[in-house]
Peer 1: 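Okay, here's the structure, questions in a sec.
All values derive from a computational prediction rather than experimental measurement. Letters A, B, ... are given to chains in the order of the sequence lines, protein chains preceding strands, and every chain is numbered from 1.
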Number of protein chains: 2
Amino acid sequence: MVAPRPPGPRSPTLEQVAEYAGVSRSTVSRVINQVSTVDPELREIVERAIEATGYVPNHAARSLVTRRTDSVALVVSEPAGREFAEPFLSRIFTDPYLGRITAGALEVLRPEGIHLVIMPADAPAHQQVLRYLRQGHVDGVLIISSHVADPLPQQLCDLHVPAVLSARPGRPLPMSYVDVEQQTGARLAAERFIALGRKHPATVCGPLDTTAGQDRLAGFRSALAVHGYAWVPAEPGDFTRAGGERAARTLLTAYPETDALFVANDLMAEGAMQALRDLGRRVPEDVAVVGFDDSVSALACRPQLTTIRQPLEEMAAEMARLLLARIREPEGRPRSVIFHPEIVERGSA
Amino acid sequence: MVAPRPPGPRSPTLEQVAEYAGVSRSTVSRVINQVSTVDPELREIVERAIEATGYVPNHAARSLVTRRTDSVALVVSEPAGREFAEPFLSRIFTDPYLGRITAGALEVLRPEGIHLVIMPADAPAHQQVLRYLRQGHVDGVLIISSHVADPLPQQLCDLHVPAVLSARPGRPLPMSYVDVEQQTGARLAAERFIALGRKHPATVCGPLDTTAGQDRLAGFRSALAVHGYAWVPAEPGDFTRAGGERAARTLLTAYPETDALFVANDLMAEGAMQALRDLGRRVPEDVAVVGFDDSVSALACRPQLTTIRQPLEEMAAEMARLLLARIREPEGRPRSVIFHPEIVERGSA
DNA sequence: GTGAAAGCGCTAACAA
DNA sequence: TTGTTAGCGCTTTCAC
């Protein structure tokens with residue numbers, strides 16, 4: 001909380017513009033709000049008065065009566081019970097994932113004149129976030145949540161705050177969401193390995209308490225089952241670079257025959273490539289590697305990463321569109337939009 | 001702009017809580033605002049009433065009278081006249097720079113209960129951003145601006161909106177800012193090359209219309225001048241990965257004898273390493289490379305990047321502190337806080 | 001087509 | 001210590 005701002009040179013009010021123009025407050029208000037029933041001549045006069053006084057409407061006053069704020073929150077949720085080496089804030093803001101989501105959402109929001117408040121919500125902050133949303137700071141919420149048992153989506157649902165999820169919710173919920181066909185993506189990776197004639201596929205999967213982690217693992221396994229693999233080694237990572245490195249090392253130590261590695265996101269793949277290098281494995285000759293995301297990390301790898309592309313920017317843009325629709329029509333049916341993944345073939349597999 | 005939200009189940013007002021508790025509005029207000037002059041017994045009653053009714057204060061109403069919003073904007077400014085391959089939004093949100101700044105700022109802002117609105121401001125959006133700020137949406141602004149001729153800082157100054165800059169302004173301005181000793185950083189790189197016995201240093205510098213670009217180049221040149229280098233080849237890049245790759249290629253083609261390369265940020269260094277690899281140069285054997293930032297990119301490189309560390313998170317945190325100070329005391333003297341860079345030695349030099 | 005007036009939910013003088 | 005009251009600046013009926 002900050003101290004009150006001192007009086008200072010306050011900007012003009014509607015009242016003052018009205019006086020300047022010699023009309024009533026209502027007329028100025030109508031001109032500002034583009035109401036068409038204003039005499040063109042008066043409108044002209046008022047517009048000049050606005051220009052002359054340098055008037056801008058006061059947001060709080062307007063918001064108080066209209067109950068709109070023209071801004072939405074981007075909530076990055078993380079439930080309790082996860083352990084990470086890196087602190088929450090640097091971890092999420094260093095991950096290219098969030099950047100792509102932000103860019104995609106703003107691509108839609110900006111032209112609509114809607115602003116974005118970014119709200120990290122680790123477990124201790126959940127209550128504050130809910131409070132914030134209840135205070136009417138924003139018209140709606142984009143929720144980035146991956147943990148299957150994350151309570152936040154349900155709570156937001158209960159609050160009747162318009163909201164859209166970044167992925168299929170862990171439990172069914174009457175809330176719009178966007179997702180990618182996770183299993184299909186994983187299958188693409190599996191098929192790539194089969195096509196390359198690899199015999200010992202394995203995977204650094206995502207955290208098994210996330211839907212993406214579960215789905216990608218299941219998709220990979222079931223696609224390989226079709227080719228006779230009743231079982232596939234898997235070691236979970238935490239979607240961070242260091243986590244991927246660690247998991248790959250564990251995996252390759254336990255299963256040194258591994259010649260194909262599916263890593264559940266590009267950031268972990270970066271770490272996995274490092275581990276492989278340290279272990280004296282060549283990529284792709286000894287071990288073929290496929291990542292997931294098609295983020296900047298994929299290009300940073302040597303060799304560059306073959307990966308499953310999910311169009312995060314477009315997905316976030318769609319989230320924003322779904323949210324706007326929901327804000328405009330809160331009782332509409334929740335919608336889901338599922339995107340198709342594609343394999344992007346580069347040097348690693 | 002969005003349509004008005006329908007009435008729906010409005011949350012309780014102060015009035016209703018007061019009625020429930022059998023006290024006046026003011027008393028409830030005092031309890032909410034932690035005013036100490038409330039009888040403990042009454043306070044207890046009121047708190048129960050708040051609990052029972054599920055009351056939360058309406059932000060707009062409060063903001064209208066207090067003239068505070070408890071939120072600040074993070075404006076990422078970019079003046080007209082720059083050409084980039086990538087669109088503005090994906091470029092800035094994909095750059096680890098912004099992520100580190102955001103994380104650092106939130107580290108200070110969050111505990112204070114202050115929220116962050118993220119506002120990209122390319123040239124066409126400048127007017128809207130100024131308008132937004134004048135409307136009183138936020139209490140202050142953190143400005144990320146690098147272009148020496150960027151008009152935005154001056155305009156914000158004129159608006160009397162509390163603001164803090166991410167770097168020394170292009171022209172002197174009565175505004176607080178944070179910076180790193182750019183020239184010292186560049187000198188560290190130069191000295192590293194001298195220590196390694198390199199004879200043909202060169203630099204992929206930053207855009208010459210940015211203070212950082214200018215300072216790092218000047219610092220590198222003047223440090224080398226001390227060692228007899230009257231002139232040093234330099235090729236400007238645009239601080240992007242692709243730009244660094246292009247610039248390094250140009251430089252190495254024109255000056256194939258180059259055996260030491262200072263690259264003005266890590267993102268460009270990543271690209272430069274790629275270019276060197278393509279040109280058949282080994283790093284560090286044939287060409288030693290030093291970057292600037294110590295971002296995640298530095299770790300993604302092979303070999304890992306020796307780089308000049310600037311503590312961006314701490315710098316952003318300091319920006320936030322300076323801003324809070326300014327909001328609380330708008331007439332205070334503008335302050336500058338300059339951080340010390342350090343060289344982080346890794347594999348590339 | 002325009003103006004007068006009520007009121008959005010809150011804080012902060014001021015009185016009691 | 002508590003209550004009464006007057007706005008904060010705007011939109012929005014409702015008369016005219």
Side-chain angles (χ1 to χ4, degrees), chain A residues 1-46 49-50 53-70 134-137, chain B residues 1-46 49-50 53-70 134-137:
Chain A
M1 298 289 204
V2 299
R5 215 195 287 188
R10 284 203 192 164
S11 50
T13 69
L14 253 199
E15 188 78 56
Q16 292 166 319
V17 179
E19 189 179 359
Y20 186 101
V23 299
S24 77
R25 244 187 359 233
S26 331
T27 302
V28 181
S29 176
R30 290 189 186 103
V31 171
I32 296 279
N33 293 299
Q34 325 257 31
V35 176
S36 54
T37 65
V38 178
D39 186 281
E41 221 166 290
L42 259 194
R43 172 186 302 279
E44 179 71 13
I45 294 175
V46 170
I50 292 171
T53 52
Y55 172 77
V56 284
N58 176 300
H59 172 69
R62 169 179 282 177
S63 179
L64 179 55
V65 31
T66 61
R67 311 191 160 276
R68 295 189 279 99
T69 64
D70 288 325
R134 292 189 55 206
Q135 295 196 112
H137 270 92
Chain B
M1 298 289 206
V2 299
R5 215 195 287 187
R10 283 205 194 164
S11 49
T13 69
L14 253 198
E15 187 79 55
Q16 293 166 323
V17 178
E19 188 179 1
Y20 186 101
V23 299
S24 78
R25 243 183 7 228
S26 334
T27 302
V28 181
S29 175
R30 289 192 187 98
V31 172
I32 295 279
N33 293 299
Q34 326 256 32
V35 175
S36 53
T37 66
V38 178
D39 186 281
E41 221 165 289
L42 259 195
R43 172 186 303 279
E44 180 71 13
I45 294 176
V46 169
I50 291 172
T53 52
Y55 172 78
V56 284
N58 176 299
H59 171 68
R62 169 180 283 178
S63 178
L64 179 57
V65 33
T66 61
R67 311 193 159 274
R68 298 189 277 100
T69 63
D70 287 325
R134 292 189 57 206
Q135 296 195 111
H137 271 91

Peer 1: Which nucleotide, D/dT1, C/dG9, C/dT11, lies nearest any side-chain atom of B/Asp39?
Peer 2: D/dT1
Peer 1: How close or far is atom P of D/dT1 from atom CD of B/Glu41, stated in whole angstroms?
Peer 2: 14 Å
Peer 1: What integer distance in Å separates B/Asn33:CG from C/dC10:P?
Peer 2: 10 Å
Peer 1: Is it true that atom CD of B/Glu19 has more than 12 heavy atoms of other residues, nucleotides or ligands lying nearer than 6.0 Å?
Peer 2: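 No, the 6.0 Å shell around CD holds no more than 12 heavy atoms from other groups.
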Peer 1: Quick one: A/Arg43 CZ to C/dG3 P, roughly how many Å, whole number?
Peer 2: 14 Å
Peer 1: Could you state the atom-to-atom distance from NE2 of A/His137 to C1' of C/dG9 in whole Å?
Peer 2: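 My rounded result for the distance is 14 Å.
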Peer 1: Would you indicate, yes or no, if D/dC8 has its OP1 or OP2 atom less than 4.0 angstrom from a side-chain nitrogen or oxygen of A/Asn58?
Peer 2: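 Indeed not, no polar side-chain atom of A/Asn58 lies that close.
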Peer 1: Is the shortest side-chain N/O distance from A/Arg68 to OP1 or OP2 of D/dT11 below 4.0 Å?
Peer 2: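 False: A/Arg68 side-chain N/O out of range (4.0 Å or more) of D/dT11 OP1/OP2.
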Peer 1: Mind checking if A/Thr13 touches a base, just sugar-phosphate, or nothing, with heavy atoms under 4.0 Å?
Peer 2: sugar-phosphate
Peer 1: Before giving the answer on side-chain contact (heavy atoms from CB on, under 4.5 Å), spell out for A/Asn33 and A/Arg62 the whole-Å C-alpha distance, their side-chain angles and the decisive distance to 0.1 Å.
Peer 2: CA-CA 11 Å; A/Asn33 293 299; A/Arg62 169 179 282 177; 3.5 Å; yes
Peer 1: Check every atom of D/dT2, D/dC10, C/dT11 against the side chain of A/Val65 and return the nucleotide holding the closest atom.
Peer 2: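 Shortest atom-to-atom distance from the side chain points to D/dC10.
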Peer 1: Verify the contact: side-chain N or O of A/Ser29 to OP1 or OP2 of D/dT11, cut-off strictly under 4.0 Å; return yes or no.
Peer 2: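 For D/dT11, OP1 or OP2 has a side-chain N or O of A/Ser29 closer than 4.0 Å.
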Peer 1: What closest approach, in Å, do B/Asp70 and B/Arg68 show between heavy atoms, and which atom pair accounts for it?
Peer 2: OD2-NH1, 3.0 Å
Peer 1: Which nucleotide in the set C/dG9, D/dT5, D/dT1 lies at the smallest distance from any side-chain heavy atom of B/Arg25?
Peer 2: D/dT5
Peer 1: Separation of B/Arg62 atom CZ from D/dG9 atom C1', in whole Å?
Peer 2: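 Rounding to the nearest Å, CZ of B/Arg62 and C1' of D/dG9 are 18 Å apart.
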Peer 1: Rounded to the nearest Å, what distance is computed from the CZ atom of residue B/Arg67 to the P atom of nucleotide C/dC10?
Peer 2: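 So the two atoms are 18 Å apart, to the nearest Å.
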Peer 1: Between the base of C/dG3 and the side chain of A/Arg30, is there any donor-acceptor pair under 3.5 Å?
Peer 2: yes
Peer 1: For the residue pair B/Val23 and B/Val28, establish whether any side-chain heavy-atom pair is separated by less than 4.5 Å.
Peer 2: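 When only atoms from C-beta onward are counted, B/Val28 and B/Val23 do touch, with a gap below 4.5 Å.
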Peer 1: Base, sugar-phosphate, or nothing: which does A/Leu42 touch, judged by heavy atoms less than 4.0 Å apart?
Peer 2: sugar-phosphate
Peer 1: Specify the residue among A/Thr37 and B/Ser26 whose closest nucleotide of DNA chain C lies further upstream toward the 5′ end.
Peer 2: A/Thr37
Peer 1: To the nearest Å, how far apart are A/Tyr55 OH and D/dG9 P?
Peer 2: 10 Å
Peer 1: Establish whether the base of D/dT1 is bridged to the side chain of B/Thr27 by a donor-acceptor pair shorter than 3.5 Å.
Peer 2: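 Counting by modelled atom types and ignoring angles, no donor-acceptor contact under 3.5 Å is found here.
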Peer 1: Give the rounded distance in Å between these two atoms: CG of B/Leu14 and P of C/dG7.
Peer 2: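 After rounding, the reported distance stands at 18 Å.
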Peer 1: On DNA chain D, compare the nucleotides closest to A/Leu64 and B/Gly22; which residue's is nearer the 5' end?
Peer 2: B/Gly22
Peer 1: Roughly how far, to the nearest 0.5 Å, is the CZ atom of A/Arg134 from the NE2 atom of B/His59?
Peer 2: 16.0 Å
